[in-house]
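What follows is a single structure, written as structure tokens, with notes after it.
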There are 2 protein chains.
Amino acid sequence: MITAGTNSRIKRLVQLNQKAKIRRQEDVFVAEGVRMFLEAPLSKIREVYVSESFRGGDLCAQKLESTGYEVVEDSLFKKISDTCTPQGILCVTGQFHYRQEQLLRKKNPLLLLLENIQDPGNLGTMFRTAEAAGADGIIMSRDTVDVYNPKVIRSTMGSIFRMPFFYAQDLRETAAFLRRSGVRVYAAHLGGKRFYTEAAYLEGAAFLIGNEGNGLLEETVRAADQILRIPMEGEVESLNAAVSAAVLLYEASRQRRQTGNGAKGK
Amino acid sequence: MITAGTNSRIKRLVQLNQKAKIRRQEDVFVAEGVRMFLEAPLSKIREVYVSESFRGGDLCAQKLESTGYEVVEDSLFKKISDTCTPQGILCVTGQFHYRQEQLLRKKNPLLLLLENIQDPGNLGTMFRTAEAAGADGIIMSRDTVDVYNPKVIRSTMGSIFRMPFFYAQDLRETAAFLRRSGVRVYAAHLGGKRFYTEAAYLEGAAFLIGNEGNGLLEETVRAADQILRIPMEGEVESLNAAVSAAVLLYEASRQRRQTGNGAKGK
């Protein structure tokens with residue numbers, strides 16, 4: 001059992017929670033909580049830590065037998081946890097390295113292209129929603145918040161383990177590449193002339209979503225095939241970024257379900 | 001200028017940010033930031049505080065002339081602010097007291113019924129999305145987070161000033177009342193047999209959305225006319241509550257726009 005606060009492994013775990021640079025150097029991230037532990041692919045789990053008083057049920061016990069684990073004193077576990085009320089289990093997990101082709105494997109892919117999203121909760125929610133709506137991948141601009149930030153991981157509710165993604169060197173070049181590959185790129189923008197419900201998303205489609213405060217950069221909007229607007233009544237000036245993504249993805253999902261194109265919802 | 005940290009008004013402002021009970025007793029809440037100040041109805045603003053170094057532009061200056069204001073030392077302003085980087089302006093605003101009838105004024109109202117929503121960001125986002133989608137009101141169960149919590153207020157992005165709402169003594173009774181009034185009540189629930197895209201929302205419609213972790217109570221589901229499911233692919237078990245609300249409200253908005261029923265998006 002790890003008991004001393006000066007234990008170098010404790011210090012390292014705290015750093016892994018706090019610093020994207022350290023996570024990148026070690027090529028890992030921290031996934032915390034029972035659900036995340038259970039959903040993490042066995043092949044990706046590098047280390048598991050449980051608190052002294054952790055009781056996780058049969059499924060956990062079974063998986064812990066395969067992974068092995070280290071017990072940490074309760075008060076120390078609080079230090080390495082990113083939450084106020086830790087569930088008492090976390091795992092150090094290998095980062096994912098998807099290649100662009102992996103996001104384009106399916107015939108008519110449905111993609112999210114995110115520019116400079118800053119709120120961890122928003123980014124995580126977009127992963128969760130994208131998986132639910134049947135999307136095939138998420139491509140992020142380099143200035144988007146680190147996907148391995150513990151708050152992002154938590155709000156993905158496990159989708160981080162299943163939704164392919166990568167950071168694009170240049171999101172506009174990626175958009176151009178997608179267009180050449182037959183994927184239509186749509187920019188969600190207040191200046192759009194057409195409503196998002198007036199386009200058909202039955203073939204490959206990618207939605208560009210911009211930063212929470214400023215929306216998409218003008219040059220990114222120009223990189224799209226078409227500019228779409230989500231109609232807003234009242235005096236609302238914009239929607240939350242994760243809400244915009246949800247409305248667009250579920251409209252695509254609705255159209256695809258109606259025509260029998262794309263996977264069926266469970 | 002207010003300079004002493006012991007100033008009783010400073011103490012009171014801190015309490016107004018922190019305690020629902022104090023807000024209720026005084027029948028006010030704190031709305032912070034330039035945007036909130038500009039969008040707050042003049043008739044509702046009771047007091048305005050600006051930091052020593054606040055520079056707000058012409059619109060602010062103009063409105064400040066009508067409201068009057070008190071200057072607060074910069075370091076003290078940080079204390080009364082609920083954000084890490086305060087914009088330097090906040091106003092104490094009267095609470096709203098809508099009556100049920102006010103939410104049912106329009107012919108085919110579109111409503112949200114929220115049960116035990118706990119995340120302030122989710123609740124605020126639902127206000128913002130509801131206004132954008134053309135909803136007529138939000139009815140909350142008594143155990144929903146306080147709508148005047150500063151984090152809720154901030155995430156409404158001003159919709160708090162425009163979207164009618166109230167806390168129901170008993171949400172199930174309210175659902176029954178709505179049904180008697182000709183509003184169809186739909187429960188968003190994983191157990192629903194029909195997809196949400198298979199119902200028509202052209203007449204009065206109310207969407208029941210449940211708590212983030214547990215969804216709707218079974219007895220609340222039974223209070224609905226119909227149980228609807230938002231299809232989910234992959235291994236996603238549920239959607240974020242604000243995302244569910246957005247998907248449902250924008251489907252209603254899409255249908256209404258298509259048939260020319262309800263208001264047009266701007």
Side-chain angles (χ1 to χ4, degrees), chain A residues 35 38-39 110 119 121-122 124-136 155-159 161-163 190 192 195-198 212-213 229-251 253-258 262-266, chain B residues 35 38-39 110 119 121-122 124-136 155-159 161-163 190 192 195-198 212-213 229-251 253-258 262-266:
Chain A
R35 185 202 178 108
L38 289 175
E39 299 198 0
L110 181 60
D119 182 86
N122 273 344
T125 301
M126 288 194 257
F127 269 75
R128 181 181 177 189
T129 309
E131 185 186 7
D136 299 288
S155 23
T156 69
M157 297 288 273
S159 297
F161 298 128
R162 299 177 295 266
M163 177 57 53
L190 303 173
F195 286 162
Y196 74 104
T197 42
E198 295 173 297
E212 289 91 346
R229 188 159 53 97
I230 302 178
M232 291 183 293
E233 302 193 28
E235 295 173 39
V236 180
E237 287 177 16
S238 70
L239 290 170
N240 169 283
V243 162
S244 297
V247 168
L248 295 170
L249 287 170
Y250 265 95
E251 172 63 11
S253 155
R254 183 190 72 81
Q255 293 184 8
R256 288 168 175 223
R257 213 166 43 240
Q258 246 180 4
K264 300 270 184 303
K266 71 175 174 201
Chain B
R35 186 200 178 109
L38 288 176
E39 299 198 0
L110 181 60
D119 182 84
N122 273 345
T125 300
M126 288 194 257
F127 269 74
R128 182 179 174 189
T129 309
E131 185 187 5
D136 299 290
S155 23
T156 70
M157 297 288 272
S159 296
F161 298 128
R162 299 177 295 266
M163 176 58 52
L190 302 172
F195 286 162
Y196 75 104
T197 43
E198 296 174 295
E212 289 91 346
R229 188 158 53 96
I230 301 178
M232 289 183 293
E233 301 194 29
E235 297 173 38
V236 180
E237 288 177 17
S238 70
L239 291 170
N240 168 284
V243 162
S244 297
V247 168
L248 295 170
L249 287 170
Y250 264 96
E251 172 63 10
S253 155
R254 184 190 71 81
Q255 293 185 8
R256 288 169 176 222
R257 214 167 41 241
Q258 247 179 5
K264 300 274 183 300
K266 71 175 175 202

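Lettering follows sequence order; numbering is per chain, from 1. Values below: all heavy atoms of this structure, side chains included; hydrogens, waters and symmetry mates excluded.
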*Side chain of B:Tyr250, backbone of A:Ser244: donor and acceptor closer than 3.5 Å?*
no
*Quick one: pull up OG1 in A:Thr125 and CG in B:Asn122 and give me the separation to the nearest 0.5 Å.*
7.5 Å
*Find the distance between CZ (A:Arg162) and CD (B:Glu235) and round it off to the nearest 0.5 Å.*
4.5 Å
*Where do B:Arg257 and A:Thr197 come nearest, in terms of heavy atoms and distance?*
NH2-OG1, 2.9 Å
*Side chain, backbone, both or neither: which part of B:Ser159 has an atom under 4.5 Å from a heavy atom of chain A?*
side chain
*Quick one: closest heavy-atom pair of B:Val243 and A:Ala246, and the distance?*
CG1-CB, 3.7 Å
_Toward chain A, the part of B:Tyr196 with a non-hydrogen atom under 4.5 Å_ = side chain
_To the closest 0.5 Å, what do you measure between CE (A:Met126) and CG (B:Asn240)?_
11.5 Å
*B:Ser238 versus chain A, heavy atoms under 4.5 Å apart: side chain, backbone, both or neither?*
both
*asked:* Rounded at 0.5 Å granularity, tell me how far CD in B:Glu251 sits from CD in A:Glu251.
replied: 7.0 Å
*So, for B:Ala132 and A:Leu239, which heavy atoms are closest and what is the spacing to 0.1 Å?*
CB-CD2, 3.5 Å
_Working to the nearest 0.5 angstrom, can you tell me the gap between A:Arg254 CZ and B:Glu198 CD?_
12.0 Å
*Which value, rounded to the nearest 0.5 Å, describes the distance between A:Arg128 atom CZ and B:Glu237 atom CD?*
9.5 Å
